[in-house]
Amino acid sequence: MPEPDAPLSAEGLEAALREVGATRYHNLHPFHKLLHSGQLDRDQVRAWALNRYCYQSAIPRKDAALMARCDDRELRREWLHRITDHDGTGGDSGGIERWLVLTDGLGLDRDYVVSKEGALPATKFAVEAYVRFVAEHSLLEAVASSLTELFAPGIHAERISGMLAHYDFINETVVAYFRRRLDQAPKDADFALDYVKRHARTAEQQRAVIRALTFKTEVLWAQLDALYFAYVAPGWPAPGAWRPGVAVGGA
């Protein structure tokens, strides 16, 4: 991605960030093309859901790491709901629970999923790299790394329609996570985008936020690379990673 030598306007910065999504977001990955068009079998969908749980379950840790070093009370107040959106609060079971409803519906043993025992090594490395990035980089970069949510509603809508249309083992109950994120992600993305546009004023800061968003797209892409290698072609899951028939019930 070209990086600014001189400060961009707020609109120019937003355009640069959106270009990252247009060219690098994981909706472009061949694995997602297969998933959404019904070209994966049930075990390949299981492998995706099991590995993606590692990412879903890490989101509250990532957001807590951001809040732990944030002196801006208003930012903390706004960011707090991201943790409860996933962990749940009050009558809302939360996004992690909704993801486990998905893996339940696919017939995977819940304790096995939660243990992450069967996740691919590359999945674990990518997810932890994201958590570390947020904990160790500037607050501005940490916020900017969340901006993949700008592009999430499109992939969720594609996932809902494609999976319901093509897989007889997918129903409305198991896609509840994605339906909820259709409302949550745009609100989160709007806040983060406004924050980045207001605070990334120098060319150096703008380069940093563009790189942060690029890094996040690479985290998501790397997870799908690993899934494709392990479960599509050549089909070589790592030692200890989930294999068809393991921890599968009668769903």
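Owing to the predicted nature of the structure, the values given are computational and were not obtained by experimental measurement.
The NE2 atom of H166 sits 11.0 Å away from the CG atom of L40 when rounded to the nearest 0.5 Å. Taking CH2 from W79 and CG from L139, the interatomic distance works out to 8.0 Å, rounded to the nearest 0.5 Å. The distance from the CZ atom of F215 to the CZ atom of F133 is 6.0 Å, given to the nearest 0.5 Å. To the nearest 0.5 angstrom, L100 atom CG is 8.5 Å from S57 atom OG. Of the inter-residue distances, the one linking L17 atom CG with L8 atom CG reads 9.0 Å to the nearest 0.5 angstrom. To the nearest 0.5 Å, the span separating CZ on F151 from CD1 on I155 amounts to 11.5 Å.
Nearest heavy-atom pair across A6 and A203 is C-CB, 3.8 Å. Nearest approach of G38 to Y167, heavy atoms of both residues: CA-OH, 3.2 Å. Shortest non-hydrogen contact noted between R110 and V101 is NH2-N, 4.0 Å. In terms of heavy atoms, C54 sits closest to V127 at O-CG1, 3.6 Å. Scanning all heavy atoms of the two residues, the minimum distance from A241 to P237 falls at CB-CB, 4.3 Å. Contact detail for H29 and Y228: the closest heavy-atom pair is CE1-CB, 4.3 Å.
Side-chain contact check for L140 versus V143: every heavy-atom pair is 4.5 Å or farther apart. When side chains are defined from C-beta on, D109 does not count as touching V248, because their heavy atoms never get closer than 4.5 Å. By the 4.5 Å heavy-atom criterion applied to side chains, L50 and Y112 are counted as neighbours. Two residues are said to be in side-chain contact when any heavy atoms from C-beta on lie closer than 4.5 Å; L213 and S145 fail this criterion. Under the 4.5 Å side-chain criterion, counting only non-hydrogen atoms from C-beta, T217 is not in contact with H26. Side chains of E14 and S9 form no contact here, defined as non-hydrogen atoms less than 4.5 Å apart. Between R46 and V246 there is no side-chain heavy-atom pair separated by less than 4.5 Å. Within the 4.5 Å cutoff, no side-chain heavy atoms of K216 are placed close to those of L147.
In this structure, R69 contributes its side chain and L66 its backbone to no donor-acceptor pair below 3.5 Å. Remark: side-chain polar atoms of E97 are not paired, donor with acceptor, to backbone N or O of G94 under 3.5 angstrom. Distance alone, capped at 3.5 Å, is enough to place a donor-acceptor pair between the S37 side chain and the K33 backbone. With hydrogens and angles ignored, the 3.5 Å screen pairs no side-chain donor or acceptor of E117 with any backbone N or O of V113. A donor-acceptor contact shorter than 3.5 Å links the side chain of N51 to the backbone of L120. One N or O on the side chain of Q44 and one on the backbone of D41 form a donor-acceptor pair closer than 3.5 Å. Between the side chain of Q206 and the backbone N or O of L13 there is no donor-acceptor pair closer than 3.5 Å.
Looking at E128 and K124, no side-chain N of the basic residue comes within less than 4.0 Å of a carboxylate O on the acidic one, giving no salt bridge. With respect to R181 and E149, a salt bridge is recorded, a charged nitrogen being found less than 4.0 Å from a carboxylate O. Between E218 and R211 no salt bridge is recorded (no basic side-chain N to carboxylate O distance below 4.0 Å). With salt bridges taken as basic N to acidic carboxylate O contacts below 4.0 Å, none links R76 and D72. No salt bridge links E78 with K187; every basic N to acidic carboxylate O contact stays at or beyond 4.0 Å. R82 and D85 are not joined by a salt bridge, as no carboxylate oxygen comes within less than 4.0 angstrom of a charged side-chain nitrogen. The pair D168-R42 does not meet the salt-bridge criterion, since no charged nitrogen lies less than 4.0 angstrom from a carboxylate oxygen. Salt-bridge annotation for E204 and R207: absent, with no side-chain N of the basic residue lying under 4.0 Å from a carboxylate O of the acidic one. D104 has no carboxylate O lying under 4.0 Å from a charged side-chain N of R98, or vice versa, which leaves the two without a salt bridge.
Ring geometry, Y130 versus Y55: the interplanar angle falls under 30°, so the pair is classed parallel (tilted spans 30 to 60°). Using the six-membered ring where Trp is involved, Y195 and H199 have ring planes that are parallel, under 30° apart on the 30 and 60° scheme. In this structure, W242 and Y231 have tilted ring planes: the angle between them lies in the 30° to 60° band.
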Exercise. Please assess L102 against V175 for the test side-chain contact (heavy atoms from CB on, under 4.5 Å), listing each intermediate value before the final yes or no.
Key: CA-CA 7 Å; L102 166 61; V175 298; 6.0 Å; no
Exercise. Please test W221 against L28 for side-chain contact (heavy atoms from CB on, under 4.5 Å), starting from the C-alpha separation and ending with a verdict.
Key: CA-CA 9 Å; W221 195 277; L28 301 172; 3.9 Å; yes
Practice problem: Could you walk me through whether F169 and V45 pass side-chain contact (heavy atoms from CB on, under 4.5 Å), step by step? | Solution: CA-CA 10 Å; F169 51 86; V45 177; 4.1 Å; yes
Quiz item: Are R52 and Q56 close enough, and set up right, to give a side chain to side chain donor-acceptor pair (under 3.5 Å), and what steps lead you there?
Solution: CA-CA 6 Å; R52 178 77 180 191; Q56 302 301 141; 2.8 Å; yes
Quiz prompt | Working for side-chain contact (heavy atoms from CB on, under 4.5 Å), residues E19 and R24 | solution = CA-CA 8 Å; E19 180 66 13; R24 293 175 177 268; over 6 Å; no
Quiz item: H32 and R159: side chain to side chain donor-acceptor pair (under 3.5 Å), yes or no, with the steps?
Solution: CA-CA 9 Å; H32 267 170; R159 187 171 293 154; 3.0 Å; yes
Practice problem: Test H36 against N27 for side chain to side chain donor-acceptor pair (under 3.5 Å), laying out the working first. | Solution: CA-CA 10 Å; H36 298 163; N27 65 311; over 6 Å; no
Self-check item: Criterion side chain to side chain donor-acceptor pair (under 3.5 Å) on D63 and H86, from CA distance to verdict
Solution: CA-CA 10 Å; D63 289 323; H86 282 83; 5.3 Å; no
Practice problem: Kindly determine whether E172 and R179 satisfy salt bridge (charged side-chain N to carboxylate O under 4.0 Å, His left out), including the steps that lead there. | Solution: CA-CA 9 Å; E172 282 291 342; R179 290 213 182 275; 2.8 Å; yes
Exercise. For K197 and D194, run salt bridge (charged side-chain N to carboxylate O under 4.0 Å, His left out): C-alpha distance rounded to whole Å, both residues' side-chain angles, the deciding distance at 0.1 Å, then the answer.
Key: CA-CA 5 Å; K197 287 163 67 175; D194 178 69; over 6 Å; no
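Cluster annotation: V134 and V131 are assigned to distinct hydrophobic clusters (Ile/Leu/Val/Met/Phe/Trp/Tyr, side-chain heavy-atom contacts under 4.5 Å, transitive). Taken together through direct or relayed side-chain contacts under 4.5 Å among Ile, Leu, Val, Met, Phe, Trp and Tyr, F229 and L227 form parts of separate hydrophobic clusters. In the hydrophobic clustering of ILVMFWY residues, with side-chain heavy atoms under 4.5 Å counting as a link, V174 and V114 come out together.
The environment of CZ in F125 is sparse: at most 12 heavy-atom neighbours from other residues, nucleotides or ligands sit within 6.0 Å. Around atom CZ of R73, no more than 12 heavy atoms belonging to other residues, nucleotides or ligands sit under 6.0 Å away.
If you look at Y53 and W99, their ring centroids are not closer than 6.0 Å.
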